Amino acid sequence: MDKLVKLGQDMALLWSKYWPMYLNGVRNTLILALAATVIGCIIGLICGILNTIPYSKNDPLPKRFLLKLIRVIVRIYVEVFRGTPMVLQAVFIYYGLPYFSGGSIAFQGNSGIWLAALIVVSINTGAYMAESVRGGIISIDPGQTEGAMAIGMTHVQTMLNVILPQAIRNIIPQIGNNFIINVKDTSVMFIISFTEFFAAHRYIVGVNNMYFPSAAIEMIGYLTMTLIASFLLRWVERRMDGADSYELAQDDQLTMTAGTYNHPDKGTPFDERSKEYRDNLTQSMKNRNFTARGER
């Protein structure tokens, strides 16, 4: 118990002395994670769409060659950036581009560091999102594509109006997951001197050697950011789903007899629960009785 009290005191001491630096790191982390997630989603969306453009043996040879080449390029991009650590990607982009370009391409100053960090996190996110988008597109029932083609829609119209709205809704959880991952993975950007949340912790520890209390503040900070992000993303999902219950309004009796509409209280004109049905049944029985007496 005494150790916990001592930890709380040390954390309070660090926060009272370095809270502007911690908050600046949180701000930089959130800005980088959010911007990189948006750009990465755009990259992934483009790659996913290009990777699912259909072609057949009857298509012209140049078209088939171009689409196969695009798929090869997208596959190489995805495998390279999914299969290597982000910290090494940061090293190759921040230090490798100036090395191979003889210094003509260099990230100078604070703006250069921001640009390099944004490029690294964005292209890494795009590699993961490319596969998520591809999976979201192919998860849509092929019958919807066939139906859209049957009414004269082009492939672009089908993608924009039928497939993508459903695919994007399906991959919303993955987009949120990537944002949360980016919030945590920006911690490796200290390798290129980007001052995010973890970089603030490294500086503070270097000054006072209070490693564990500062790490505890970092843990609470990252957990708070990810929990808030999870809550907001679930709220967005619920908003996109719409209302849980609704009542269909149809006047077409043939449609109602097909079983597509059933009022929970009133039923349909052809349902035993319906007053109209019971009235019709009563009138029909009276007509039969009248006819039977007339025949006698």
Side-chain angles (χ1 to χ4, degrees), residues 1-42 85-98 106-126 128 175-236:
M1 189 64 183
D2 293 339
K3 291 293 184 181
L4 291 177
V5 173
K6 181 65 166 60
L7 175 62
Q9 293 174 346
D10 291 340
M11 291 172 61
L13 178 63
L14 286 176
W15 181 259
S16 63
K17 189 174 182 180
Y18 297 105
W19 66 267
M21 187 172 294
Y22 281 121
L23 291 183
N24 182 65
V26 170
R27 178 180 64 87
N28 291 345
T29 293
L30 290 176
I31 292 174
L32 178 60
L34 182 60
T37 302
V38 172
I39 297 174
C41 287
I42 295 173
M86 188 186 291
V87 63
L88 292 181
Q89 295 168 15
V91 170
F92 269 77
I93 290 177
Y94 187 77
Y95 299 105
L97 289 180
F107 302 96
Q108 299 178 351
N110 188 54
S111 60
I113 293 174
W114 266 94
L115 178 60
L118 185 61
I119 291 174
V120 172
V121 183
S122 296
I123 58 179
N124 184 274
T125 304
Y128 285 93
I175 294 175
N177 188 47
N178 280 329
F179 173 71
I180 292 174
I181 290 174
N182 286 340
V183 169
K184 297 181 294 181
D185 284 357
T186 52
S187 60
V188 304
M189 290 298 109
F190 74 86
I191 199 70
I192 60 173
S193 303
F194 182 77
T195 55
E196 39 69 51
F197 194 31
F198 190 73
H201 158 72
R202 287 171 56 85
Y203 173 81
I204 292 169
V205 168
V207 172
N208 52 41
N209 271 343
M210 298 174 67
Y211 197 96
F212 186 70
S214 182
I217 294 176
E218 291 282 309
M219 182 73 73
I220 294 173
Y222 278 115
L223 184 60
T224 301
M225 287 188 284
T226 55
L227 287 177
I228 293 174
S230 298
F231 173 79
L232 292 176
L233 289 165
R234 289 194 179 93
W235 178 80
V236 171

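What you see is a predicted model, and the numbers here were worked out from it, not measured in a lab.
Expressed to the nearest 0.5 Å, how far OG1 of T125 lies from CD1 of I175 amounts to 11.0 Å. Atoms OG1 and CD1, from T37 and I181 in turn, are 9.5 Å apart once rounded to the nearest 0.5 Å. Going from atom OG1 of T195 over to atom CZ of F190 covers 13.5 Å, rounded to the nearest 0.5 Å. The distance from the CD1 atom of I204 to the CE atom of M21 is 5.5 Å, given to the nearest 0.5 Å. A distance of 10.0 Å separates CG of N182 from CG of L34, quoted to the nearest 0.5 Å. The CG atom of L23 sits 11.0 Å away from atom CG of N28, with the distance rounded to the nearest 0.5 Å.
The shortest non-hydrogen separation linking A90 to I191 is CB-CG2, 3.9 Å. Of all heavy-atom pairs spanning A36 and V121, the tightest one is CB-CG1, 3.3 Å. The heavy-atom pair separating E196 from S187 by the smallest distance is OE1-CA, 3.4 Å. Between F179 and A229, the shortest heavy-atom distance links the atoms CE2-CB, 3.5 Å.
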N/O donor to acceptor pairs below 3.5 angstrom from side-chain atoms of residues 1-14, sequence neighbours left out:
from, atom 1, to, atom 2, distance (Å)
K6, NZ, D10, OD1, 3.1
K6, NZ, D10, OD2, 2.9

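Counting only distance, with no hydrogens or angles, the side chain of S214 and the backbone of M210 share no donor-acceptor pair below 3.5 Å. Here the side chain of S122 pairs no donor or acceptor atom with the backbone of I119 at under 3.5 angstrom.
Between Y211 and H201, the ring-plane angle classifies as perpendicular under the 30° and 60° cut-offs. Taking the six-membered ring where tryptophan is involved, the planes of Y22 and F197 are perpendicular, since the angle between them exceeds 60° and thus also 30°.
Under a cut-off of 6.0 angstrom, the local environment of CH2 in W19 is sparse, with at most 12 non-hydrogen atoms contributed by other residues, nucleotides or ligands. Residue Y95 places its OH atom among more than 12 non-hydrogen atoms of other residues, nucleotides or ligands, all under 6.0 Å distant.
Under the 4.5 Å side-chain criterion, counting only non-hydrogen atoms from C-beta, Y94 is in contact with I113. Side-chain contact between N208 and Y18: present, with at least one pair of heavy atoms (C-beta onward) separated by less than 4.5 Å. Residues I93 and I123 are in side-chain contact: their nearest non-hydrogen atoms beyond the backbone lie under 4.5 Å apart. Here the side chains of F194 and L32 are in contact, with some heavy-atom distance below 4.5 Å.
The side chain to side chain donor-acceptor pair (under 3.5 Å) search around R27 returns N24, not counting sequence neighbours.
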Exercise for review: Quick one: do I31 and W114 satisfy side-chain contact (heavy atoms from CB on, under 4.5 Å)? Show the steps, please.
Suggested key: CA-CA 10 Å; I31 292 174; W114 266 94; 3.9 Å; yes

